[in-house]
Every structure is written in C-alpha cells, then in structure tokens.
Amino acid sequence: MPREFEIKYRLTEAAFAALSGQYGPFRQIRMETTYYDDAGKNISLRRWTLRRRLENGVSVCTVKTALPDGSRGEWETEAADVAAAIPRLIALGAPAELADFAGNGLVPVCGARFTRLAALLPAREGLVELALDEGVLLGGGRELPFREVEVEQKRGPDDSTRRFAAALAQRFSLTPQPQSKLQRAKGLLNSAPRWGSWQAERPD
C-alpha cells in the first residue's frame, strides 16, 4: 500500500522567510484543491480524504485513508474529475467502497488555494520533502489565510523523518499543526455554512 507519513508545523511570516532562505532549490507549485464527500458523508465518517487538486494546472485526484499508526494510505492519479478518477484509484489499490460512495453522488465540501515551495532534502537514513505552503483555506464562502511547513517522508524509516522534523522545529521555533488542511477548511463550514457561494466563484 502506498503510504504517506508527514509532520506539519505552523509558520509565521518570519519563519517562512527563514526556511525559504535556508533551504532549496525549491520547485514552485500553484495548488487549487477541492475536497469531496458523498451524499451520506461516508468518506468523512471513515476519516478518508477525497480531493481533486490542480497542480500548476494539472488535475490530480487523490484518496487518503487513515492507518492505525497515524500515517495514511495514499493513491493518486491524473484525471479530469473525481468521477473519472474513482475506477483508476481503485485499480491502484484504493478501497473498492469508493465506487459505492461515488454512486451516491459526490459533492464538493470545501477547498484550499495556495502556493507550495517544495525541495527534496537528505535526512540521515532517508529522504524527505520540505514543503512550504502559503495561501487560504476555503469553506462556507469564507477564506482563512495560512502558512505551514510539511516534512514528508519520501524514503527511509519513520524515525529518520521524525528526527529531521524535530531538529527543524527546534532550530526555527516551530509549533506543531495537528490538523490537516481539510479539517481546518471544514471548520469554516461550521461558522458560515454557505459552500455554494465559494463553489460558484471557484468552479471545479
């Protein structure tokens, strides 16, 4: 199973500038993300993530599932929309239940729009991707600015990634970010449940 293991930290403007000045070279990726659920909210109930993301204009659809150790199963494919992506994701190994949920009707829930600076860096016994994200979370017709850094394992043991992330946090006085972008974007719906206005402004 493809597996995602990453550690996130909040970033101040100063920390963002310090990290971007210290590491690199970076690839710049403009991201526009829409998160989906089915009519019965089965995807959310299972703590899965289903999203379509434009990455510098390329449409990539991804499903993530929660694993017992806190990491996530992850499958992704290029596709014009999530409906077209479902059978491809299942063929790659994603849960077959996705087809049933898609049959219930998939609807956009919330989203994000941000720029990522990404660099691959050695981490003792492995390799990590350092991703600096800056933009807005979108939900209920509202926007919430954010900055964060992700340390994502690309190769090697979890402990190597943890040590890299801990050293980074200590050096730059970083605060953990325990919530995903999806969780924070969905939080906007609770304060202003008007997703339709954002959907009209940001068509899929």
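The first residue in the sequence is number 1, and the count goes up from there. On a predicted model such as this, the values are computed, not experimentally measured, just so you know.
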Query raised in the report: Under the side-chain hydrogen bond (donor to acceptor under 3.5 Å, both in side chains) criterion, do R51 and T33 qualify, and how do the steps go?
Result: CA-CA 7 Å; R51 74 180 186 214; T33 302; 5.4 Å; no
Just how far is it from atom [atom1] of [X] to atom [atom2] of [Y], taken to the nearest 0.5 Å?
{"X": "I43", "Y": "L106", "atom1": "CD1", "atom2": "CG", "value": "5.5 Å"}
{"X": "E13", "Y": "R147", "atom1": "CD", "atom2": "CZ", "value": "4.5 Å"}
{"X": "L50", "Y": "L89", "atom1": "CG", "atom2": "CG", "value": "7.5 Å"}
{"X": "R46", "Y": "E97", "atom1": "CZ", "atom2": "CD", "value": "5.0 Å"}
{"X": "L19", "Y": "F26", "atom1": "CG", "atom2": "CZ", "value": "7.0 Å"}

Query raised in the report: When you measure from the centre of the six-membered ring of Y35, is the NZ or CZ of K181 under 6.0 Å away and within 45° of the axis?
Result: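 Output no; distance or angle outside limits.
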Query - R3, CZ: over 12 other non-hydrogen atoms inside 6.0 angstrom - result: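 Enclosed.
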Query raised in the report: Above 12 or not: heavy atoms from other molecules or residues under 6.0 Å from CD of E78?
Result: no
Do [X] and [Y] have side chains that approach each other closer than 4.5 Å (heavy atoms only, starting at C-beta)?
{"X": "F5", "Y": "T161", "value": "yes"}
{"X": "V109", "Y": "Y36", "value": "no"}
{"X": "V60", "Y": "E76", "value": "yes"}
{"X": "L11", "Y": "L174", "value": "yes"}
{"X": "E6", "Y": "R72", "value": "yes"}
{"X": "T49", "Y": "T62", "value": "no"}
{"X": "L189", "Y": "R142", "value": "no"}
{"X": "R171", "Y": "Q22", "value": "yes"}

Query - Trace of the side-chain hydrogen bond (donor to acceptor under 3.5 Å, both in side chains) decision for S44 with K186 - result: CA-CA 10 Å; S44 294; K186 286 174 72 173; 3.0 Å; yes
Requested in this report: From the options R184, R10, R116, select the one residue that forms a salt bridge (Lys or Arg N to Asp or Glu O under 4.0 Å) with E148.
Outcome: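 Exactly one option meets the salt bridge (Lys or Arg N to Asp or Glu O under 4.0 Å) with E148, and it is R184.
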Query raised in the report: What's the verdict on side-chain contact (heavy atoms from CB on, under 4.5 Å) for E134 and T115, showing C-alpha distance, side-chain angles and the deciding distance?
Result: CA-CA 6 Å; E134 183 174 35; T115 298; 5.7 Å; no
Report summary line: From the list L168, L130, V151, side-chain contact (heavy atoms from CB on, under 4.5 Å) with L121 holds only for L130
